[in-house]
Amino acid sequence: MAITAGMVKELREMTGAGMMDCKKALNETNGNMDEAVEYLRKNGQAKAEKKAGRIAAEGLCKVLVEGDKTAAVVEVNSETDFVAKNEEFQKFVAAVAKQALATSSTDIDAFLAENWNEDSSKTVKDALVEKVAVIGENLTIRRFEKVVAENGCVVSYTHGGGRIGVIVEAETAVVNETVKEALVNLAMQIAALYPKYISTEEVSEEYKAHEKEILMEQIKNDPKMAGKPDKVIEGAVNGRLAKELKEVCLLEQVYVKAEDGKQTVKQYINTISKEVGTDITIKKFVRFETGEGLEKKQDDFAAEVAAQLG
């Protein structure tokens, strides 16, 4: 397969690896982008999950909570940051979030086909198309998620004026200001440190095996580990995996407000549980970040204005 400059550029943006390394990876994998990312990771030339963490689109995330029991978060994208700051756009995003709070749909296609709550003669998609015409820029309702607490409560946190939206659900027999403040602190932690799981118990053996394979290749390519016994290499792999899991599992992370800089999130929650006299269990969290994983449109703003002026 012929490797094009565009393919090399795309792989560089996904991984942060050098141009020649990207070209070699694509040649080695016959142009398969996913396999090329794996190749670069195994050779220590790419950071894991960089693609997923790349922020590359504009818009807003909006979170609404109803009665401590129900919460919904939506992401609505726009082409430019100017529109994201537009009052008309922000009102539309708020209306989409209100729709999500009431929805029974579980996927975006069904959600877009629903009757629009603000005008039942239209669907959500119809309302979106109309808003595109009014604003004059392409808009997308990218995703939504609704969380209902059966035995406890939900809290939310919004960061950066809508750049990040977080929901946390906890099971607890006591719902008071102390509990809700603690959960909001966790929502802030989730916004800042982007955990992927609640605890290590949630991590699949498949994920662990995959990461161990990556780490094994990285260590084998490390000159400092050359000639080391298999037992030493295996120990190094397990050590690095354990460290990685602490970074991606919420309860194992160091609590960002820990006074001693050592207290884990799990220890923090246990402290709050003792204070209010009941167990608090984190059941779920949702974290949306605007434009996550999308390509950002690169515009020459001066040229765009000149074109609009004729």
Side-chain angles (χ1 to χ4, degrees), residues 4-14 33-34 49-64 72-103 105-146 158-167 191 194 286-310:
T4 66
M7 292 168 67
V8 174
K9 179 176 180 292
E10 181 182 353
L11 187 58
R12 287 192 70 190
E13 290 173 349
M14 288 166 64
M33 199 63 66
D34 291 335
E49 307 299 338
K50 181 160 184 178
K51 179 181 178 182
R54 190 172 71 248
I55 306 306
E58 306 302 342
L60 286 175
C61 292
K62 179 74 174 179
V63 190
L64 291 181
V73 57
V74 299
E75 178 188 353
V76 183
N77 296 121
S78 60
E79 290 185 63
T80 66
D81 186 46
F82 297 100
V83 164
K85 295 176 181 177
N86 178 280
E87 185 179 356
E88 182 81 18
F89 176 76
Q90 292 179 355
K91 286 181 179 178
F92 178 67
V93 176
V96 174
K98 188 175 180 181
Q99 181 93 20
L101 198 61
T103 192
S105 297
T106 56
D107 64 78
I108 194 66
D109 290 333
F111 181 74
L112 291 172
E114 287 181 0
N115 289 335
W116 181 231
N117 283 347
E118 297 197 348
D119 183 348
S120 60
S121 68
K122 307 171 185 175
T123 64
V124 175
K125 187 173 183 179
D126 292 337
L128 173 65
V129 171
E130 287 186 4
K131 196 58 62 177
V132 169
V134 170
I135 291 177
E137 186 171 300
N138 188 35
L139 310 175
T140 305
I141 300 174
R142 186 185 179 202
R143 52 182 173 166
F144 75 95
E145 187 152 352
K146 181 178 177 179
T158 301
H159 181 76
R163 188 170 66 85
I164 299 173
V166 178
I167 297 171
Y194 199 180
V286 180
R287 182 189 187 277
F288 280 7
E289 186 162 354
T290 305
E292 192 170 34
L294 297 176
E295 291 291 344
K296 188 170 184 177
K297 184 179 178 182
Q298 299 295 330
D299 287 326
D300 182 335
F301 182 64
E304 182 181 330
V305 172
Q308 289 179 354
L309 292 175

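FYI, the numbering just counts along the sequence from 1.
Side-chain atoms of Lys146 never come within 3.5 Å of backbone atoms of Ala72 as a donor-acceptor pair (strictly under, hydrogens ignored). A side-chain donor-acceptor contact under 3.5 Å links Arg287 to the backbone of Ala191.
Rounded to the nearest 0.5 angstrom, Glu75 CD and Ile141 CD1 are separated by 11.5 Å. With rounding to the nearest 0.5 angstrom, the CD atom of Glu10 is 4.0 Å from the CE atom of Met33. Atom-to-atom distance recorded for Leu128:CG and Asn138:CG is 8.0 Å, nearest 0.5 angstrom. Between Leu60 atom CG and Ile164 atom CD1 the span is 12.5 Å, to the nearest 0.5 Å. A distance of 10.0 Å separates OG1 of Thr80 from NZ of Lys85, quoted to the nearest 0.5 Å. How far CD1 of Ile108 is from NZ of Lys125: 11.0 Å, rounded to the nearest 0.5 Å.
The two atoms that bring Arg163 and Glu289 nearest to each other are NH1-OE2, 2.8 Å, heavy atoms only. Shortest non-hydrogen contact noted between Val96 and Trp116 is N-CH2, 4.0 Å. Closest approach of Lys62 to Ala97, counting heavy atoms only: CG-CB, 3.5 Å. Taking both residues in full, the closest heavy atoms of Thr103 and Phe111 are given as OG1-CD1, 3.8 Å, listed atom of the first, atom of the second, then distance.
Shown are Val93, Leu139, Thr290; of these, the side-chain contact (heavy atoms from CB on, under 4.5 Å) with Asn77 is made only by Thr290. Residue Ser78 is tested with Val83, Thr140, Val132, Asn86 for a side-chain contact (heavy atoms from CB on, under 4.5 Å); the sole match is Val83.
By the 4.0 Å N-to-carboxylate-O rule, Arg143 lies too far from Glu145 to be salt-bridged with it.
In this structure, Val76 and Phe89 have side chains that are in contact, with non-hydrogen atoms separated by less than 4.5 Å.
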- I would like to know whether Leu64 and Lys98 meet side chain to side chain contact (heavy atoms under 4.5 Å, CB included); could you show each step before the answer? CA-CA 7 Å; Leu64 291 181; Lys98 188 175 180 181; 4.1 Å; yes
- Under the side chain to side chain contact (heavy atoms under 4.5 Å, CB included) rule, what do Lys91 and Lys131 come out as? Steps first, then yes or no, please. CA-CA 11 Å; Lys91 286 181 179 178; Lys131 196 58 62 177; over 6 Å; no
